[in-house]
Amino acid sequence: MNDNSFYEKVYEVVRLVPYGRVTSYGAIAKYLGAARSSRLVGWAMNVSHQVHPPVPAHRVVNRLGMLSGKAHFEDPEAMERQLTAEGIEILNDQIQQFSTVFWDPEKELGL
DNA sequence: ACAATGACTGAAT
DNA sequence: AATTCAGCCATTG
């Protein structure tokens, strides 16, 4: 994987997600100019465990604010725990007040 | 070079 | 309104 690969871009954006905020796969994909490559973002996250530096994958959820990828973590409970530690309220694997904690790269960073 | 994969998303039923 | 279907596309075997 080259540093210029699509994955690397994804990691870069994910690292930009502020503390206590989350974003969605689609938002990242769209920000990267590949709005329909949301799956690739998820795939990138799957590999993010072996990537350096570490990527805050726990801050990335699907567009509904559901912890769809928690099962892919070393410890599925860790994702939920970390988000909670950042002040994000989670119930039944779903982020509460998602609209409030949602962080849209396009909106926050600007196009 | 071809086929398969997938932590998604939006449209169709 | 809820659930199912199909497209999507970079990476990998």
Side-chain angles (χ1 to χ4, degrees):
Chain A
M1 322 195 174
N2 300 338
D3 295 321
N4 294 336
S5 66
F6 183 84
Y7 286 6
E8 181 57 33
K9 290 182 180 179
V10 175
Y11 304 142
E12 199 168 333
V13 177
V14 176
R15 291 196 208 97
L16 291 177
V17 180
Y19 181 94
R21 299 294 195 94
V22 295
T23 190
S24 70
Y25 304 93
I28 295 172
K30 195 175 184 216
Y31 179 73
L32 294 178
R36 300 191 172 147
S37 302
S38 49
R39 299 184 153 200
L40 289 311
V41 177
W43 217 309
M45 292 294 94
N46 193 25
V47 188
S48 67
H49 286 288
Q50 65 184 11
V51 182
H52 170 75
V55 179
H58 62 278
R59 293 186 188 150
V60 184
V61 297
N62 65 5
R63 76 180 191 86
L64 299 177
M66 180 161 58
L67 308 188
S68 50
K70 74 165 195 172
H72 292 260
F73 280 75
E74 300 178 24
D75 296 328
E77 299 176 357
M79 183 177 188
E80 192 171 326
R81 194 187 321 127
Q82 288 188 76
L83 288 173
T84 302
E86 296 189 2
I88 298 177
E89 190 176 355
I90 299 178
L91 178 61
N92 194 14
D93 295 341
Q94 188 173 325
I95 297 179
Q96 305 302 303
Q97 303 176 359
F98 180 57
S99 305
T100 304
V101 297
F102 180 72
W103 183 81
D104 187 350
E106 283 191 354
K107 235 176 171 180
E108 304 296 333
L109 297 177
L111 281 178

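Sequence lines set the chain letters: A, B, ... in the order given, protein chains first and strands last, and positions in each chain run from 1. Source: prediction; values computed, not measured.
The distance from atom CG of A:Leu40 to atom P of B:dA4 is 18 Å, rounded to the nearest whole Å. A:Tyr7 has its OH atom 10 Å from the C1' atom of C:dC9, to the nearest Å. Atom CE of A:Met45 is separated from atom P of C:dT11 by 13 Å (rounded to the nearest Å). Rounded to whole Å, the distance from CD1 on A:Ile28 to P on B:dG6 is 20 Å. At whole-Å resolution of the value, CD in A:Glu80 and C1' in B:dA7 are 15 Å apart. If you measure from atom CG of A:Leu64 to atom P of B:dT9, you get 7 Å, rounded to the nearest angstrom. In this structure, A:Gln82 places its CD atom 20 Å from P of B:dA7, rounding to the nearest Å. Residue A:Phe6 contributes atom CZ, which lies 16 Å from atom P of B:dA7 at whole-angstrom precision.
More than 12 heavy atoms of other residues, nucleotides or ligands lie within 6.0 Å of CZ in A:Arg15, so this atom counts as buried by the packing criterion. The number of heavy atoms from other shown groups lying within 6.0 Å of CD (A:Glu106) is above 12.
Within the nucleic acid shown, A:Ala57 comes within 4.0 Å of at least one base atom, counting heavy atoms only. Within 4.0 Å of A:His49, counting heavy atoms only, lies at least one base atom of the nucleic acid.
Listed by residue number, there are no residues of residues 87-95 of chain A with a heavy-atom contact under 4.0 Å to DNA chain C.
A continuous path of Ile, Leu, Val, Met, Phe, Trp and Tyr side chains, each step under 4.5 Å between heavy atoms, connects A:Tyr31 with A:Val55, placing both in one hydrophobic cluster. When hydrophobic clusters are built by joining Ile, Leu, Val, Met, Phe, Trp and Tyr residues whose side-chain heavy atoms come closer than 4.5 Å, directly or via intermediates, A:Val17 is grouped together with A:Phe6.
Nearest nucleotide to the side chain of A:Phe73, out of C:dT11, B:dA7, B:dT9: B:dA7. The listed nucleotides are B:dT9, B:dA7, C:dT11; the one nearest the side chain of A:Asn62 is B:dT9. Comparing atom distances between the A:Trp43 side chain and each of B:dT9, C:dC9, B:dT5 picks out B:dT5 as nearest. In this structure, of C:dT11, C:dC9, B:dA7, it is B:dA7 that holds the atom nearest to the side chain of A:Tyr25.
OP1 or OP2 of B:dG10 has at least one side-chain nitrogen or oxygen of A:Arg63 nearer than 4.0 Å.
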Practice item. Quick one: do A:Val14 and A:Met45 satisfy side-chain contact (heavy atoms from CB on, under 4.5 Å)? Show the steps, please. Key: CA-CA 9 Å; A:Val14 176; A:Met45 292 294 94; 3.7 Å; yes

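A heavy-atom distance below 4.5 Å is not found between the side chains of A:Ile90 and A:Met79.
Every pair passing ring-ring contact (aromatic ring centres under 6.0 Å, His included) that includes a residue from residues 64-111 of chain A is listed here, sequence neighbours excluded: A:His49-A:Phe73, A:Phe98-A:Phe102.
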